[in-house]
Amino acid sequence: MTKPTTPPSPVLDRVLVLEMVRVTEAAAIAASKLVGRGDEDAADAAAVEAMRAALNELAMDGTVVIGEGERDEAPMLFIGEKVGSAQGTGPKIDIALDPLEGTTITAKAGPNALAVLAVAEEGNLLNAPDVYMDKLAVGPGYPEGIIDLAKSPTENVQAVAAAKGVNPDDIIVCVLDRPRHAELIAELRGLGCGVVLIGDGDVAGVIAVTNPETTIDLYMGSGGAPEGVLAAAALRCVGGQFQGRLLFRNDDERGRARKWGITDLNKIYTRDELAKGDCIFAATGVTDGSLLKGVKRLKGGVITTHTVVMRASTGTVRWVSGEHRNKS
(Lines give C-alpha, C1' and ligand atoms only; values in the text may rest on other atoms or scores of the structure.)
Protein backbone atom coordinates (compact mmCIF):
# COMPACT_ATOMS: atom_id res chain seq x y z
CA MET A 1 0.00 0.00 0.00
CA THR A 2 1.31 3.45 -0.91
CA LYS A 3 1.94 5.99 1.80
CA PRO A 4 -1.16 8.12 2.48
CA THR A 5 -1.01 11.67 1.13
CA THR A 6 -4.23 12.94 2.73
CA PRO A 7 -3.50 15.49 5.46
CA PRO A 8 -5.12 14.79 8.84
CA SER A 9 -8.27 16.72 9.63
CA PRO A 10 -8.27 18.70 12.89
CA VAL A 11 -12.05 18.33 12.85
CA LEU A 12 -11.92 14.55 12.75
CA ASP A 13 -9.26 14.54 15.47
CA ARG A 14 -12.10 15.53 17.79
CA VAL A 15 -14.28 12.67 16.60
CA LEU A 16 -12.17 9.78 17.76
CA VAL A 17 -11.92 6.59 15.79
CA LEU A 18 -13.01 4.57 18.80
CA GLU A 19 -16.23 6.57 19.05
CA MET A 20 -17.10 5.54 15.50
CA VAL A 21 -16.52 1.93 16.53
CA ARG A 22 -18.93 2.35 19.44
CA VAL A 23 -21.60 3.63 17.05
CA THR A 24 -21.42 0.68 14.65
CA GLU A 25 -21.13 -1.76 17.55
CA ALA A 26 -24.35 -0.41 19.05
CA ALA A 27 -26.24 -0.86 15.76
CA ALA A 28 -24.85 -4.35 15.19
CA ILE A 29 -25.71 -5.53 18.70
CA ALA A 30 -29.26 -4.24 18.38
CA ALA A 31 -29.78 -5.86 14.97
CA SER A 32 -28.27 -9.16 16.11
CA LYS A 33 -31.30 -9.86 18.30
CA LEU A 34 -33.33 -10.21 15.10
CA VAL A 35 -30.96 -12.48 13.16
CA GLY A 36 -32.91 -15.35 11.59
CA ARG A 37 -36.27 -14.06 12.83
CA GLY A 38 -37.57 -13.32 9.34
CA ASP A 39 -38.48 -9.69 10.06
CA GLU A 40 -36.42 -7.30 7.93
CA ASP A 41 -38.23 -4.16 9.10
CA ALA A 42 -37.80 -4.95 12.79
CA ALA A 43 -34.09 -5.68 12.36
CA ASP A 44 -33.53 -2.46 10.44
CA ALA A 45 -35.53 -0.40 12.94
CA ALA A 46 -33.54 -1.78 15.86
CA ALA A 47 -30.23 -0.92 14.19
CA VAL A 48 -31.40 2.57 13.21
CA GLU A 49 -32.61 3.44 16.69
CA ALA A 50 -29.41 2.19 18.34
CA MET A 51 -27.12 4.00 15.87
CA ARG A 52 -29.04 7.26 16.24
CA ALA A 53 -28.84 7.09 20.04
CA ALA A 54 -25.08 6.45 19.89
CA LEU A 55 -24.48 9.31 17.44
CA ASN A 56 -26.40 11.72 19.63
CA GLU A 57 -24.02 11.02 22.51
CA LEU A 58 -21.06 12.42 20.53
CA ALA A 59 -19.90 16.03 20.96
CA MET A 60 -20.27 17.04 17.32
CA ASP A 61 -22.51 18.98 14.95
CA GLY A 62 -23.29 16.13 12.60
CA THR A 63 -25.42 16.00 9.46
CA VAL A 64 -26.63 12.80 7.83
CA VAL A 65 -25.85 13.05 4.10
CA ILE A 66 -26.34 9.35 3.31
CA GLY A 67 -29.05 7.80 5.43
CA GLU A 68 -32.30 5.89 5.55
CA GLY A 69 -33.96 8.03 2.87
CA GLU A 70 -35.61 11.41 2.64
CA ARG A 71 -37.44 12.83 5.63
CA ASP A 72 -40.90 11.82 4.41
CA GLU A 73 -39.69 8.23 3.92
CA ALA A 74 -37.69 7.69 7.13
CA PRO A 75 -38.62 8.63 10.71
CA MET A 76 -34.99 8.86 11.84
CA LEU A 77 -31.49 9.07 10.40
CA PHE A 78 -33.05 10.62 7.31
CA ILE A 79 -30.98 12.65 4.88
CA GLY A 80 -30.39 16.07 6.37
CA GLU A 81 -31.05 15.04 9.97
CA LYS A 82 -28.81 16.70 12.54
CA VAL A 83 -27.17 14.43 15.10
CA GLY A 84 -24.70 14.92 17.93
CA SER A 85 -24.83 16.63 21.31
CA ALA A 86 -23.04 19.84 20.22
CA GLN A 87 -25.30 21.36 17.56
CA GLY A 88 -24.05 24.80 16.57
CA THR A 89 -20.87 24.55 18.64
CA GLY A 90 -19.16 21.24 17.86
CA PRO A 91 -17.13 20.21 14.81
CA LYS A 92 -19.22 20.04 11.64
CA ILE A 93 -19.24 16.45 10.41
CA ASP A 94 -20.92 14.84 7.41
CA ILE A 95 -22.09 11.28 8.03
CA ALA A 96 -22.85 8.48 5.59
CA LEU A 97 -24.42 5.48 7.24
CA ASP A 98 -26.22 2.22 6.80
CA PRO A 99 -27.24 0.95 10.23
CA LEU A 100 -27.98 -2.47 8.75
CA GLU A 101 -26.44 -3.24 5.38
CA GLY A 102 -28.16 -6.49 4.54
CA THR A 103 -31.63 -6.49 6.06
CA THR A 104 -32.64 -9.60 4.11
CA ILE A 105 -29.37 -11.27 5.09
CA THR A 106 -30.11 -10.58 8.75
CA ALA A 107 -33.70 -11.81 8.56
CA LYS A 108 -32.49 -15.06 6.97
CA ALA A 109 -29.30 -15.38 9.06
CA GLY A 110 -27.12 -15.20 5.95
CA PRO A 111 -23.50 -14.02 5.74
CA ASN A 112 -21.96 -10.53 5.54
CA ALA A 113 -24.59 -8.33 7.22
CA LEU A 114 -22.90 -5.19 8.58
CA ALA A 115 -23.50 -1.97 10.48
CA VAL A 116 -21.62 0.67 8.48
CA LEU A 117 -20.60 4.30 8.97
CA ALA A 118 -18.32 6.84 7.30
CA VAL A 119 -17.59 10.38 8.50
CA ALA A 120 -15.75 13.32 6.96
CA GLU A 121 -15.53 17.07 7.27
CA GLU A 122 -18.58 19.00 6.11
CA GLY A 123 -18.94 18.90 2.32
CA ASN A 124 -16.60 15.97 1.72
CA LEU A 125 -19.10 13.16 1.10
CA LEU A 126 -21.29 13.15 -2.02
CA ASN A 127 -24.96 13.48 -1.18
CA ALA A 128 -25.96 10.61 -3.45
CA PRO A 129 -29.66 10.04 -4.20
CA ASP A 130 -31.24 6.70 -3.38
CA VAL A 131 -30.90 5.25 -6.90
CA TYR A 132 -28.76 2.55 -8.45
CA MET A 133 -25.07 3.00 -9.21
CA ASP A 134 -22.90 1.02 -11.59
CA LYS A 135 -19.76 0.20 -9.57
CA LEU A 136 -16.22 -0.91 -10.28
CA ALA A 137 -13.61 -1.41 -7.56
CA VAL A 138 -10.12 -2.81 -7.11
CA GLY A 139 -7.93 -3.00 -4.04
CA PRO A 140 -4.68 -1.14 -3.25
CA GLY A 141 -1.35 -1.65 -4.95
CA TYR A 142 -2.31 -1.06 -8.59
CA PRO A 143 -1.31 1.84 -10.87
CA GLU A 144 -3.74 4.75 -10.77
CA GLY A 145 -6.37 4.47 -13.49
CA ILE A 146 -6.11 0.68 -13.79
CA ILE A 147 -9.93 0.43 -13.87
CA ASP A 148 -12.36 2.41 -16.01
CA LEU A 149 -16.16 2.16 -16.12
CA ALA A 150 -16.08 3.46 -19.68
CA LYS A 151 -14.37 0.20 -20.69
CA SER A 152 -15.86 -3.29 -20.87
CA PRO A 153 -15.67 -5.83 -18.05
CA THR A 154 -13.28 -7.85 -20.22
CA GLU A 155 -10.93 -4.88 -20.67
CA ASN A 156 -10.92 -4.18 -16.93
CA VAL A 157 -10.19 -7.78 -16.05
CA GLN A 158 -7.37 -7.91 -18.61
CA ALA A 159 -5.84 -4.70 -17.24
CA VAL A 160 -5.86 -5.92 -13.64
CA ALA A 161 -4.54 -9.34 -14.66
CA ALA A 162 -1.65 -7.75 -16.58
CA ALA A 163 -0.78 -5.48 -13.63
CA LYS A 164 -0.94 -8.45 -11.26
CA GLY A 165 1.18 -10.59 -13.55
CA VAL A 166 -1.41 -13.35 -14.00
CA ASN A 167 -3.81 -14.57 -16.67
CA PRO A 168 -7.41 -13.29 -16.78
CA ASP A 169 -8.65 -16.70 -15.68
CA ASP A 170 -6.74 -16.22 -12.41
CA ILE A 171 -8.85 -13.14 -11.52
CA ILE A 172 -11.73 -13.43 -9.07
CA VAL A 173 -14.62 -10.96 -9.31
CA CYS A 174 -17.38 -10.31 -6.78
CA VAL A 175 -20.85 -9.62 -8.25
CA LEU A 176 -24.24 -9.11 -6.65
CA ASP A 177 -26.43 -12.09 -7.60
CA ARG A 178 -29.22 -10.41 -9.54
CA PRO A 179 -30.93 -11.17 -12.89
CA ARG A 180 -29.70 -7.80 -14.22
CA HIS A 181 -26.13 -9.11 -13.97
CA ALA A 182 -26.67 -12.22 -16.09
CA GLU A 183 -24.73 -10.85 -19.08
CA LEU A 184 -21.92 -9.56 -16.87
CA ILE A 185 -21.55 -12.93 -15.15
CA ALA A 186 -21.56 -14.74 -18.49
CA GLU A 187 -18.86 -12.42 -19.86
CA LEU A 188 -16.66 -12.93 -16.80
CA ARG A 189 -17.06 -16.70 -16.85
CA GLY A 190 -16.31 -16.66 -20.57
CA LEU A 191 -12.90 -15.23 -19.63
CA GLY A 192 -12.45 -18.04 -17.14
CA CYS A 193 -12.76 -15.71 -14.12
CA GLY A 194 -13.93 -16.96 -10.78
CA VAL A 195 -17.17 -15.18 -9.91
CA VAL A 196 -18.14 -14.83 -6.25
CA LEU A 197 -21.89 -14.20 -6.14
CA ILE A 198 -23.34 -12.47 -3.10
CA GLY A 199 -27.04 -12.33 -2.30
CA ASP A 200 -27.03 -8.89 -0.69
CA GLY A 201 -24.75 -6.40 1.01
CA ASP A 202 -22.61 -4.88 -1.71
CA VAL A 203 -20.68 -2.65 0.72
CA ALA A 204 -19.15 -5.85 2.07
CA GLY A 205 -18.54 -7.00 -1.49
CA VAL A 206 -16.64 -3.85 -2.44
CA ILE A 207 -14.64 -3.78 0.79
CA ALA A 208 -13.60 -7.39 0.19
CA VAL A 209 -11.17 -6.18 -2.51
CA THR A 210 -9.15 -4.41 0.21
CA ASN A 211 -8.30 -7.64 2.04
CA PRO A 212 -6.01 -10.13 0.23
CA GLU A 213 -7.34 -12.95 2.41
CA THR A 214 -10.71 -12.79 0.62
CA THR A 215 -8.87 -13.51 -2.70
CA ILE A 216 -11.31 -11.15 -4.47
CA ASP A 217 -9.59 -8.92 -7.05
CA LEU A 218 -12.45 -6.86 -8.44
CA TYR A 219 -16.00 -5.83 -7.65
CA MET A 220 -18.37 -5.20 -10.58
CA GLY A 221 -22.06 -4.50 -11.07
CA SER A 222 -24.85 -2.22 -9.96
CA GLY A 223 -26.20 -1.63 -6.47
CA GLY A 224 -27.36 1.23 -4.29
CA ALA A 225 -25.69 4.61 -4.84
CA PRO A 226 -25.58 5.47 -1.11
CA GLU A 227 -23.67 2.24 -0.50
CA GLY A 228 -21.28 3.32 -3.24
CA VAL A 229 -20.32 6.41 -1.23
CA LEU A 230 -19.70 4.29 1.86
CA ALA A 231 -17.54 1.88 -0.12
CA ALA A 232 -15.59 4.75 -1.70
CA ALA A 233 -14.81 6.11 1.78
CA ALA A 234 -13.41 2.73 2.81
CA LEU A 235 -11.29 2.45 -0.33
CA ARG A 236 -10.00 5.99 0.16
CA CYS A 237 -8.67 4.95 3.55
CA VAL A 238 -6.55 2.10 2.16
CA GLY A 239 -5.70 3.31 -1.33
CA GLY A 240 -8.04 1.14 -3.41
CA GLN A 241 -9.69 2.48 -6.56
CA PHE A 242 -13.41 2.94 -7.17
CA GLN A 243 -15.59 4.32 -9.94
CA GLY A 244 -19.35 4.79 -9.92
CA ARG A 245 -21.99 6.00 -12.37
CA LEU A 246 -25.56 6.75 -11.30
CA LEU A 247 -28.28 4.72 -13.04
CA PHE A 248 -31.80 6.09 -13.45
CA ARG A 249 -34.94 4.09 -14.19
CA ASN A 250 -37.36 6.98 -14.60
CA ASP A 251 -37.83 10.77 -14.51
CA ASP A 252 -38.67 10.69 -10.81
CA GLU A 253 -35.20 9.34 -10.03
CA ARG A 254 -33.57 11.91 -12.31
CA GLY A 255 -35.49 14.63 -10.52
CA ARG A 256 -34.38 13.30 -7.16
CA ALA A 257 -30.75 13.50 -8.28
CA ARG A 258 -31.16 17.10 -9.43
CA LYS A 259 -32.76 17.93 -6.08
CA TRP A 260 -29.52 16.91 -4.38
CA GLY A 261 -27.44 19.10 -6.68
CA ILE A 262 -26.38 16.53 -9.29
CA THR A 263 -26.47 18.12 -12.75
CA ASP A 264 -24.42 15.72 -14.89
CA LEU A 265 -26.50 12.55 -14.81
CA ASN A 266 -24.01 10.58 -16.92
CA LYS A 267 -20.91 11.42 -14.93
CA ILE A 268 -18.47 8.68 -13.90
CA TYR A 269 -17.40 9.48 -10.34
CA THR A 270 -13.99 8.59 -9.04
CA ARG A 271 -13.34 7.49 -5.49
CA ASP A 272 -12.13 10.94 -4.51
CA GLU A 273 -15.21 12.63 -5.94
CA LEU A 274 -17.44 10.46 -3.79
CA ALA A 275 -15.36 10.75 -0.61
CA LYS A 276 -12.86 13.61 -0.25
CA GLY A 277 -10.22 14.57 2.28
CA ASP A 278 -9.63 12.81 5.56
CA CYS A 279 -12.37 10.36 6.47
CA ILE A 280 -13.05 7.55 8.87
CA PHE A 281 -14.84 4.33 7.94
CA ALA A 282 -16.13 1.73 10.39
CA ALA A 283 -18.05 -1.52 9.93
CA THR A 284 -19.17 -4.03 12.57
CA GLY A 285 -20.29 -7.53 11.61
CA VAL A 286 -23.87 -8.47 12.40
CA THR A 287 -23.61 -11.95 10.92
CA ASP A 288 -20.44 -13.89 10.09
CA GLY A 289 -18.84 -12.94 6.80
CA SER A 290 -15.69 -13.01 4.70
CA LEU A 291 -14.39 -9.84 6.34
CA LEU A 292 -15.81 -9.82 9.87
CA LYS A 293 -17.29 -12.18 12.42
CA GLY A 294 -20.83 -11.47 13.49
CA VAL A 295 -22.19 -10.61 16.92
CA LYS A 296 -22.09 -13.54 19.34
CA ARG A 297 -24.15 -13.82 22.54
CA LEU A 298 -22.35 -15.98 25.08
CA LYS A 299 -23.07 -17.34 28.53
CA GLY A 300 -23.16 -14.87 31.35
CA GLY A 301 -24.56 -12.08 29.21
CA VAL A 302 -21.30 -11.47 27.32
CA ILE A 303 -21.67 -10.17 23.77
CA THR A 304 -18.72 -10.17 21.38
CA THR A 305 -18.31 -7.92 18.34
CA HIS A 306 -15.79 -7.59 15.52
CA THR A 307 -15.16 -4.27 13.77
CA VAL A 308 -12.84 -2.87 11.13
CA VAL A 309 -12.09 0.86 11.30
CA MET A 310 -9.97 2.81 8.81
CA ARG A 311 -8.68 6.37 8.47
CA ALA A 312 -7.62 8.06 5.25
CA SER A 313 -4.94 10.41 6.60
CA THR A 314 -2.93 7.61 8.23
CA GLY A 315 -3.89 4.63 6.06
CA THR A 316 -4.39 2.75 9.32
CA VAL A 317 -6.69 -0.27 9.42
CA ARG A 318 -7.63 -1.49 12.89
CA TRP A 319 -9.42 -4.73 13.68
CA VAL A 320 -11.29 -4.28 16.95
CA SER A 321 -12.64 -7.20 18.97
CA GLY A 322 -15.02 -6.17 21.72
CA GLU A 323 -16.58 -7.87 24.73
CA HIS A 324 -19.69 -6.19 26.04
CA ARG A 325 -21.48 -6.81 29.28
CA ASN A 326 -24.81 -5.50 30.56
CA LYS A 327 -25.99 -4.94 26.97
CA SER A 328 -29.51 -5.83 25.89
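If you read the sequence from its start, that first residue is 1, and numbering goes on from there. These numbers were taken from a predicted model, which means no experiment stands behind them.
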Report summary line: All heavy atoms of C193 vs all of P168, minimum pair found to be SG-O, 3.4 Å
Query raised in the report: Ion pair present between D61 and K92, side-chain N to carboxylate O less than 4.0 angstrom?
Result: yes
Requested in this report: Identify the two heavy atoms, one from G201 and one from L176, that lie closest to each other, and give their separation to 0.1 Å.
Outcome: N-CD1, 4.4 Å
Requested in this report: Check I66 against P226 and note the closest heavy-atom contact, atom names and distance.
Outcome: CG2-CB, 3.4 Å
Query raised in the report: Checking salt bridge (Lys or Arg N to Asp or Glu O under 4.0 Å) for the pair K296/D288: CA distance, chi angles, key distance, verdict?
Result: CA-CA 9 Å; K296 299 290 188 297; D288 286 345; 2.6 Å; yes
Query raised in the report: Do we get R236 above F281's six-membered ring, with its NZ or CZ under 6.0 Å from the centre and within 45° of the axis?
Result: no
Requested in this report: Starting from the C-alpha separation in whole Å, work towards a yes-or-no answer on side-chain contact (heavy atoms from CB on, under 4.5 Å) for I172 and V196.
Outcome: CA-CA 7 Å; I172 297 178; V196 176; 3.6 Å; yes
Report task. Decide, yes or no, whether a salt bridge links R22 with E57 under the criterion of side-chain N to carboxylate O below 4.0 Å. Result -> no
Report task. Verify, without hydrogens or angle tests, whether R37 (side chain) and V35 (backbone) share a donor-acceptor contact under 3.5 angstrom. Result -> yes
Query raised in the report: Taking the side chain as C-beta and beyond, is there a heavy-atom pair between D98 and V203 under 4.5 Å?
Result: no
Query raised in the report: Roughly how far apart are I93 CD1 and L55 CG, rounded to 0.5 Å?
Result: 11.0 Å
Report summary line: Heavy-atom nearest pair, A46 first then L34, reads CB-CD2, 4.3 Å
Requested in this report: Taking E25 for its side chain and T305 for its backbone only, find out whether a donor-acceptor pair lies under 3.5 Å.
Outcome: no
Query raised in the report: Please walk me through it: do L126 and Y269 pass side-chain contact (heavy atoms from CB on, under 4.5 Å)?
Result: CA-CA 10 Å; L126 181 74; Y269 291 90; 4.0 Å; yes
Query raised in the report: Are the side chain of H181 and the backbone N or O of S222 linked by a donor-acceptor pair below 3.5 Å?
Result: yes
Report summary line: Nearest heavy-atom approach of T210 to P140 is CA-CD, 4.1 Å
Query raised in the report: Which heavy atom of T106 sits nearest a heavy atom of A113, and at what distance?
Result: OG1-CB, 3.4 Å
Report task. Carefully, step by step, assess L114 and V286 under the rule side-chain contact (heavy atoms from CB on, under 4.5 Å). Result -> CA-CA 5 Å; L114 303 172; V286 177; 5.6 Å; no
Query raised in the report: Should L136 and Y219 count as side-chain neighbours, where that means a heavy-atom distance under 4.5 Å?
Result: no
Query raised in the report: Can you tell if the side chain of H324 reaches within under 4.5 Å of the side chain of V302, non-hydrogen atoms only?
Result: no
Query - Basic-acidic side-chain contact under 4.0 Å: R52, E81 - result: yes
Query raised in the report: Hey, does the side chain of K164 reach the backbone of Y142 with a donor-acceptor pair shorter than 3.5 angstrom?
Result: no
Query raised in the report: Looking only at atom types and distance, does a side-chain atom of S85 sit under 3.5 Å from a main-chain N or O of L58, one as donor and one as acceptor?
Result: yes
**Report entry** Heavy atoms of other groups near D41 CG, more than 12 under 6.0 Å
**Finding:** no
Report task. Report yes if some heavy atom in the side chain of E101 is under 4.5 Å from a heavy atom in the side chain of N112; otherwise report no. Result -> no
Query - Short side-chain to backbone donor-acceptor contact, D200 and G102, under 3.5 Å - result: no
**Report entry** Note, E68 side chain near F78 side chain (heavy atom, < 4.5 Å)
**Finding:** no
Query raised in the report: Would you say the side-chain atoms of D202 pair up with the backbone N or O of G205, donor to acceptor, closer than 3.5 Å?
Result: no
Query raised in the report: Should K276 and E121 be marked as a salt bridge (Lys or Arg N to Asp or Glu O under 4.0 Å) after you check the CA-CA gap, both sets of side-chain angles, and the distance that decides it?
Result: CA-CA 9 Å; K276 305 174 186 176; E121 288 188 59; over 6 Å; no
Report task. Mind running side-chain contact (heavy atoms from CB on, under 4.5 Å) on T63 and I95 for me, showing each step along the way? Result -> CA-CA 6 Å; T63 302; I95 305 165; over 6 Å; no
Query - Within-4.5 Å side-chain heavy-atom neighbours: L292 and W319 - result: yes
**Report entry** Any donor-acceptor N/O pair, R318 side chain to L18 backbone, under 3.5 Å
**Finding:** no
**Report entry** Spatial distance of atom CG (L184) from atom CE (M220) [nearest 0.5 Å]
**Finding:** 6.5 Å
Query raised in the report: Around E187, counting heavy atoms of other residues, nucleotides and ligands shown, do more than 12 lie under 6.0 Å from its CD?
Result: yes
Query - N/O donor-acceptor pair under 3.5 Å between E227 side chain and G223 backbone - result: no
**Report entry** R271 side chain vs G240 backbone, donor-acceptor pair below 3.5 Å
**Finding:** yes
